[in-house]
2 protein chains.
Amino acid sequence: MTKPKKQQNLRIIPLGGLGEVGRNMMLLEYGREILIIDMGFRLPEEDMPGVDYIIPDISYLKEKEEKILGVVITHGHYDHIGAIPYLIKKIGPVPIFTASLTKGIILKRQKDFPDQPRLEINKVKDGSKIKVGPFKIEFFRMNHNIPGTLGLFIETPIGNILDTSDFKFDPAPINDLPTNFKKLRNFSRRKILILMSDSTGAEEEGHSLSEKEILENIKEIFKEAEGRIIAATFASLINRIQQIIRLSEKFERKIAIEGYSMQTNVEIAKNLGYIKFKKKGAVIRTRYIENYPDSKITILCTGAQGEGSAALMRIANREHPFIRLKKGDTVILSSSVIPGNERTVQILKDDILRQGAKVFHYRMMDIHAGGHAQKEELEKMIKIMEPKFFLPIHGQYSMLVSHGEIAKKAGLAEKNVIVAENGQVINLTQNKIFIEKKEVPSDYVMVDGLGIGDVGEIVLRDRKMLARDGMFVIVAVIDRQTGKVKGSPDIISRGFVYLRESKTLLKETRKKVINIVNKAVGSGKAVNWSYVKNEIRNKIGQFLYSKTQRRPMILPVVIEV
Amino acid sequence: MTKPKKQQNLRIIPLGGLGEVGRNMMLLEYGREILIIDMGFRLPEEDMPGVDYIIPDISYLKEKEEKILGVVITHGHYDHIGAIPYLIKKIGPVPIFTASLTKGIILKRQKDFPDQPRLEINKVKDGSKIKVGPFKIEFFRMNHNIPGTLGLFIETPIGNILDTSDFKFDPAPINDLPTNFKKLRNFSRRKILILMSDSTGAEEEGHSLSEKEILENIKEIFKEAEGRIIAATFASLINRIQQIIRLSEKFERKIAIEGYSMQTNVEIAKNLGYIKFKKKGAVIRTRYIENYPDSKITILCTGAQGEGSAALMRIANREHPFIRLKKGDTVILSSSVIPGNERTVQILKDDILRQGAKVFHYRMMDIHAGGHAQKEELEKMIKIMEPKFFLPIHGQYSMLVSHGEIAKKAGLAEKNVIVAENGQVINLTQNKIFIEKKEVPSDYVMVDGLGIGDVGEIVLRDRKMLARDGMFVIVAVIDRQTGKVKGSPDIISRGFVYLRESKTLLKETRKKVINIVNKAVGSGKAVNWSYVKNEIRNKIGQFLYSKTQRRPMILPVVIEV
């Protein structure tokens with residue numbers, strides 16, 4: 001028997017998801033060995049034009065690649081898997097552990113990315129146990145709004161960690177078993193040193209809706225609908241999709257599935273048994289919907305958030321090849337609105353109503369559940385687990401704070417509740433928890449087209465400035481012999497004023513540029529061209545502001561010939 | 001006595017506010033004479049970078065200036081008065097009729113605009129009657145969240161119009177009388193031909209909160225607060241400001257007022273008796289707050305929406321000269337979030353929490369009432385008025401539709417409920433209502449700096465394109481004699497890639513440009529420069545896209561010397 005090593009501290013390092021919704025990624029480090037939990041992305045903020053996604057900064061892992069034991073993915077939502085194609089090739093070949101549906105979604109997505117390494121994905125399920133380095137992980141089923149969501153019970157040399165992943169308690173889920181409280185209590189009996197629990201719903205009162213209740217609410221809409229039903233939701237809300245399918249079958253409606261991601265996900269989930277059809281032939285191609293009476297048609301599609309290119313958007317904008325909205329149609333928007341999207345969804349709703357269709361929206365009826373435990377459930381989870389330490393994860397800072405308050409209310413000592421953010425290192429022993437002074441890098445890494453991380457502060461600042469008042473390029477050609485401007489300076493401007501109606505302004509500007517250059521150059525001495533350019537930038541900037549109260553980006557080009 | 005003229009149709013022409021929230025402006029036209037109700041602006045959408053406001057299109061009024069009888073302003077919110085400085089000079093001198101507080105706010109704002117004509121504003125109040133052309137107007141007090149809100153009862157040759165303005169029924173308002181139902185019933189007895197009623201709350205169930213209830217909720221926060229209270233709201237929510245003042249006096253807190261618009265509005269409202277202080281000396285300058293214990297201080301400020309330059313934002317960003325947030329502070333955000341602002345408010349909230357203060361938000365407690373009647377009240381209004389025709393006004397299309405449903409539920413015939421939008425002309429006789437086939441112009445007129453209406457589709461499209469992937473200017477100087485590019489083309493790019501790290505890309509691009517030009521010019525024939533530019537635009541565009549999957553705006557400049 002080898003002598004047990006000196007016991008070390010466990011370090012919990014969130015690289016994303018703490019202080020934001022999305023981009024979940026967490027490191028567990030013990031004795032230099034590292035386990036990764038999730039690799040998600042998030043969508044950009046409004047003031048990040050052109051950015052596709054934001055992914056975690058993994059520079060902390062640089063030169064530690066050898067020490068990475070593996071990646072555990074808790075479920076198949078993009079805020080938990082979205083960064084895999086960008087990050088996995090950087091950290092080199094490591095085993096991934098996840099549920100079969102999640103594996104299917106990850107592998108499907110890999111095909112959209114060229115030059116990806118072959119992934120080693122090991123399937124696990126409720127009850128699976130694995131050992132990686134110093135960590136023994138037991139996976140257990142959690143209710144969420146996508147099947148195959150797994151919580152983690154992790155034995156470490158200093159104690160047990162329980163990671164809830166995203167979850168809610170659901171006494172009556174769709175196509176799934178209710179929450180297994182017995183199993184949760186069993187983990188608790190084995191002592192939880194630290195509970196890391198989903199905070200997304202920590203500011204919502206009460207208990208989340210059961211999927212069964214949502215089914216009943218949507219059923220009411222199906223009962224009343226006389227014409228076609230157009231049900232829009234996220235392609236990743238597999239449970240909601242199953243509900244729409246079940247109700248369509250019950251009301252003998254054929255189902256047309258619109259939107260590439262929706263079709264793909266239904267296919268994957270069906271093949272793995274997560275989506276079930278009662279009969280064959282329930283799904284038809286959209287082009288054949290005219291062969292059935294309107295009352296026998298459901299169109300299941302993406303676009304409940306008003307996403308620009310999604311199926312519902314094309315339908316509402318009259319751009320869809322087969323489907324036009326009409327009086328008698330019932331449109332169901334069954335997903336909560338992502339903060340920041342409210343205007344877009346309002347415009348979508350108005351456009352649908354203008355075409356005579358009815359709209360049901362989650363604010364009007366409970367036809368959407370976020371999939372996240374709310375205050376009551378969160379408190380219950382803490383009380384079941386009776387952890388020594390508590391770390392709220394997954395959520396905006398205000399949600400983490402609120403979840404921390406719930407933990408204190410549930411009886412935890414204030415010093416044992418740690419509200420931490422991305423990049424902070426939570427250092428843990430059997431008896432003590434603290435945040436290390438030194439943080440690890442956790443900046444936004446922006447993905448824009450093929451560029452990962454190359455869009456930084458400067459590029460973004462320029463984009464915002466260009467968006468506000470446009471740009472104004474002045475090209476002055478200067479005769480080397482005379483030091484005078486040759487001809488008239490060229491002006492190229494976009495996004496500033498409507499040029500055709502601003503001829504006087506442009507004429508005056510050209511005159512000013514000639515004066516500035518001739519004055520600066522006229523002295524006969526060697527010409528400081530960067531001074532000349534600065535003069536143009538400042539004086540023309542002031543001039544244009546005085547005339548318009550706008551500040552376009554001014555870019556002088558001076559060419560000597 | 002002159003012979004009565006042949007009876008004509010009345011035309012109701014909404015130029016703004018129907019199908020949107022804000023920018024309210026409505027024309028009543030009878031026998032070519034026109035009465036204007038309200039002149040508001042709205043804030044730009046997210047996809048209108050650089051735009052300050054959107055105002056109504058008044059081209060319909062062109063050459064009808066002589067026929068404009070006057071402008072009635074129902075209350076002092078910017079969605080009802082905001083366009084006055086932009087529009088009033090175009091329509092020429094006309095009398096304005098409004099309440100004294102509204103007059104004060106309008107005149108104060110005029111000072112911010114140079115070259116404004118002197119306005120002729122006639123004060124009216126509850127019970128005032130005026131006659132302008134064929135219209136006899138009786139003004140009556142309505143409860144809203146700003147004092148001086150007036151509804152309109154308008155006698156016209158074809159029947160009576162009742163315009164509710166923005167309103168709610170409030171049994172217990174602050175510093176104001178409760179809704180006068182008796183008066184409303186008296187109007188009804190005189191027969192209402194058409195009711196035009198506020199739809200802003202038409203999708204909200206039940207009854208709006210009374211200002212008294214809100215006061216009680218905020219009082220709870222005052223009771224619990226141990227340190228300073230920082231209460232943020234809109235400067236225009238005079239009633240909310242009065243509540244904060246009243247509670248501060250009750251709890252013996254001195255009040256520091258932060259934010260220029262807040263100070264101005266408090267001053268105007270105080271001078272006109274709409275805001276009352278119990279004692280002198282309740283207000284102190286912010287610089288003196290340190291002279292009092294924290295528990296004796298209220299800071300009343302703007303910025304509950306996370307507005308960039310507002311007082312609360314400066315405080316939260318540690319940019320305020322005197323105030324830093326600290327543990328023990330209680331921050332109250334007492335205004336509902338304007339759709340589209342949710343992310344900004346979340347970030348503000350998180351920043352405040354990070355500094356240790358507590359945050360109370362309208363979603364956590366009922367500490368904000370929108371000021372707009374909800375379903376129950378709207379139905380009650382319709383039932384009181386028993387109008388022949390009904391026109392929902394003020395709101396998104398979905399709100400107008402919902403309000404129309406309420407009217408039908410209240411007993412109106414479907415054909416008498418008109419859901420119309422901006423620019424449609426509602427034509428009305430004693431017995432008939434219809435929408436005319438021909439619309440009047442009602443486009444967005446965008447205000448950007450000094451420009452009114454000069455930012456159109458093209459400028460906006462360019463701004464959005466510049467924001468997404470930036471721009472790329474290529475300046476090629478060509479030797480007239482040889483037809484070859486002289487030296488190396490200049491490249492000016494912003495918002496596309498970080499140039500310092502893209503040297504190879506730029507080098508390759510320059511080489512490509514030289515090849516394109518030399519090939520196009522090389523033939524020896526007369527050179528088609530616009531063809532050369534197009535070639536550069538297309539080929540360099542493709543090249544950059546293949547390298548980056550971004551599409552910057554490419555602007556070639558070719559100079560012959």
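Note that the structure is predicted; figures quoted are calculated from it, not measured. Each chain gets a letter, A, B and so on, in the order its sequence line appears, and its residues count up from 1.
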Under 4.5 Å from any heavy atom of chain A - which part of [X]:
{"X": "Asp469(B)", "result": "both"}
{"X": "Ser546(B)", "result": "backbone"}
{"X": "Arg354(B)", "result": "both"}
{"X": "Met553(B)", "result": "side chain"}
{"X": "Glu20(B)", "result": "neither"}

Select, from [options], the one with the greatest count of heavy-atom pairs under 4.5 Å involving chain B.
{"options": "Lys547(A), Gln549(A), Gln396(A)", "result": "Gln396(A)"}
{"options": "Gly449(A), Gly495(A), Gly50(A)", "result": "Gly495(A)"}
{"options": "Lys464(A), Glu501(A), Met48(A), Glu45(A)", "result": "Glu45(A)"}
{"options": "Asp462(A), Asp351(A), Leu450(A)", "result": "Leu450(A)"}
{"options": "Ser398(A), Gly487(A), Gly451(A), Ser493(A)", "result": "Ser398(A)"}
{"options": "Val419(A), Asp448(A), Val557(A), Asp479(A)", "result": "Asp448(A)"}

Rounded to the nearest 0.5 Å, what separation is found between the [atom1] atom of [X] and the [atom2] atom of [Y]?
{"X": "Ile492(A)", "Y": "Ile492(B)", "atom1": "CD1", "atom2": "CD1", "answer": "7.5 Å"}
{"X": "Leu400(A)", "Y": "Leu353(B)", "atom1": "CG", "atom2": "CG", "answer": "10.0 Å"}
{"X": "Tyr397(B)", "Y": "Ile347(A)", "atom1": "OH", "atom2": "CD1", "answer": "15.5 Å"}

Check this for me: does any side-chain nitrogen of one of [X] and [Y] sit under 4.0 Å from a carboxylate oxygen of the other?
{"X": "Glu203(B)", "Y": "Lys349(A)", "answer": "yes"}
{"X": "Asp47(A)", "Y": "Arg343(B)", "answer": "no"}
{"X": "Asp454(B)", "Y": "Arg550(A)", "answer": "yes"}

*Are side-chain heavy atoms of Phe496(A) and Val459(B) found at a separation under 4.5 Å?*
no
*Shortest non-hydrogen contact from Ala467(B) toward Pro49(A)*: O-CB, 3.1 Å
*Under the 3.5 angstrom rule, does the side chain of Arg494(B) hit a backbone N or O of Arg463(A) as a donor-acceptor pair?*
no
*Give a yes or no on whether Lys358(A) atom NZ has more than 12 heavy-atom contacts from other residues, nucleotides or ligands under 6.0 Å away.*
no
